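Down below is the structure, laid out as structure tokens.
Everything quoted here is computed from the prediction, not taken from an experiment. In what follows, residues are counted from 1 in the order of the sequence shown.
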Amino acid sequence: FSLIMKKVIFLFFCISFFSCSSNKFFIPGEKEAQIENISIEYFNIAEEYLNQKNYTKAIQYYKLAMKSDYLFNASYYKLGRCYALNKDYKNALSVYENILKNDPGNSTIKSSIAYLYAVNNNPKKALDIYSALLVENPNNEEVLVNEEALVEEVVEEVNNEESTNA
């Protein structure tokens, strides 16, 4: 090869290697930033679907937003909320119980779990949770009202069982 031919080949190689259309360069953090930005968009879309009460679509987009470490907890909580609003109590309960494992002192999550048990025909379990919440927070009026309503329901249920068995 002549020197000119070597220079042409070298120049061609450099142009193709350093061209703007090349994806051969790795930029540290670029992929993570892209995932983060896309996840933020998914979260915003999910929020809009939630506002429109389209819980199925909101669930779909909250799951996509969970790919972001930054948005994971908020997306996961909202996912559970959408399940509950969509009357998918089993999945809502699963999400909230997982959240409670990571935050065992969270009385809001405990109250949500009690509510889910109540609407899922398990008032005794709900009553147990509300009673424990009252011990932790004796001045919480909402918990007190919910517990009183469940006490009435459980007493009525027990009376019905006793009259059926008699």
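Taking both residues in full, the closest heavy atoms of A126 and A114 are given as CB-O, 3.1 Å, listed atom of the first, atom of the second, then distance. Scanning both residues, A92 and A84, for their nearest heavy atoms gives CB-N, 3.6 Å. The minimum heavy-atom distance between S107 and L133, with the atom names listed, is CB-CD2, 3.7 Å.
In this structure, the side chain to side chain donor-acceptor pair (under 3.5 Å) partners of N106, at least two apart in sequence or on a different chain, are D103. For Y70, there are no ring pair (Phe, Tyr, Trp, His ring centres under 6.0 Å) partners at least two apart in sequence or on another chain. For the side chain to side chain donor-acceptor pair (under 3.5 Å) test, residues two or more places apart in sequence or in another chain that qualify with E36 are S68. Considering only residues two or more places apart in sequence or on other chains, N120 meets the side chain to side chain donor-acceptor pair (under 3.5 Å) condition with none of them. By the side chain to side chain donor-acceptor pair (under 3.5 Å) test, Y96 pairs with no residue at all, sequence neighbours left out. For the side-chain contact (heavy atoms from CB on, under 4.5 Å) test, residues two or more places apart in sequence or in another chain that qualify with S131 are L127, E147. By the ring pair (Phe, Tyr, Trp, His ring centres under 6.0 Å) test, Y89 pairs with no residue at all, sequence neighbours left out.
Here the CG atom belonging to N86 is positioned 12.5 Å from the CZ atom belonging to R81, to the nearest 0.5 angstrom. For the atom pair OG (S94) and CD1 (I99), the distance works out to 10.0 Å, reported to the nearest 0.5 Å. Considering OH of Y83 and OG1 of T56, their distance stands at 10.0 Å, rounded to 0.5 Å. For the atom pair OG of S39 and CG of L71, the computed distance is 6.5 Å after rounding to the nearest 0.5 Å. Atoms CG and CD1, on L100 and I113 in that order, are 4.5 Å from each other to the nearest 0.5 Å.
Considering V95, L93, D88 in turn, D88 is the only one that fulfils the side chain to side chain contact (heavy atoms under 4.5 Å, CB included) rule with N91.
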Expected list for residues 41-55: side-chain donor-acceptor pairs under 3.5 angstrom, two or more places apart:
{"from": "N44", "atom 1": "ND2", "to": "I40", "atom 2": "O", "distance (Å)": "3.3"}
{"from": "E47", "atom 1": "OE1", "to": "K78", "atom 2": "NZ", "distance (Å)": "3.2"}
{"from": "E47", "atom 1": "OE2", "to": "Y62", "atom 2": "OH", "distance (Å)": "2.2"}
{"from": "E47", "atom 1": "OE2", "to": "K78", "atom 2": "NZ", "distance (Å)": "3.0"}
{"from": "N51", "atom 1": "ND2", "to": "E47", "atom 2": "O", "distance (Å)": "3.3"}
{"from": "N54", "atom 1": "OD1", "to": "K57", "atom 2": "N", "distance (Å)": "3.3"}

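A salt bridge (charged side-chain N to carboxylate O under 4.0 Å, His left out) check over residues 135-144, counting only residues at least two apart or in different chains, returns the pairs K110-E136. Listed by first and then second residue, the salt bridge (charged side-chain N to carboxylate O under 4.0 Å, His left out) pairs that reach into residues 89-101 come to none, sequence neighbours excluded. Here ring pair (Phe, Tyr, Trp, His ring centres under 6.0 Å) pairs that include residues 101-142, with residues two or more places apart or in two chains, number zero.
Grouped with I35 in a hydrophobic cluster is no other residue, since no side-chain heavy-atom contact under 4.5 Å to another Ile, Leu, Val, Met, Phe, Trp or Tyr is found.
Residues I38 and M66 do not share a hydrophobic cluster, clusters being chains of Ile/Leu/Val/Met/Phe/Trp/Tyr side chains in contact below 4.5 Å.
Under the 3.5 Å distance criterion, the side-chain polar atoms of S112 are matched with a main-chain donor or acceptor of T108.
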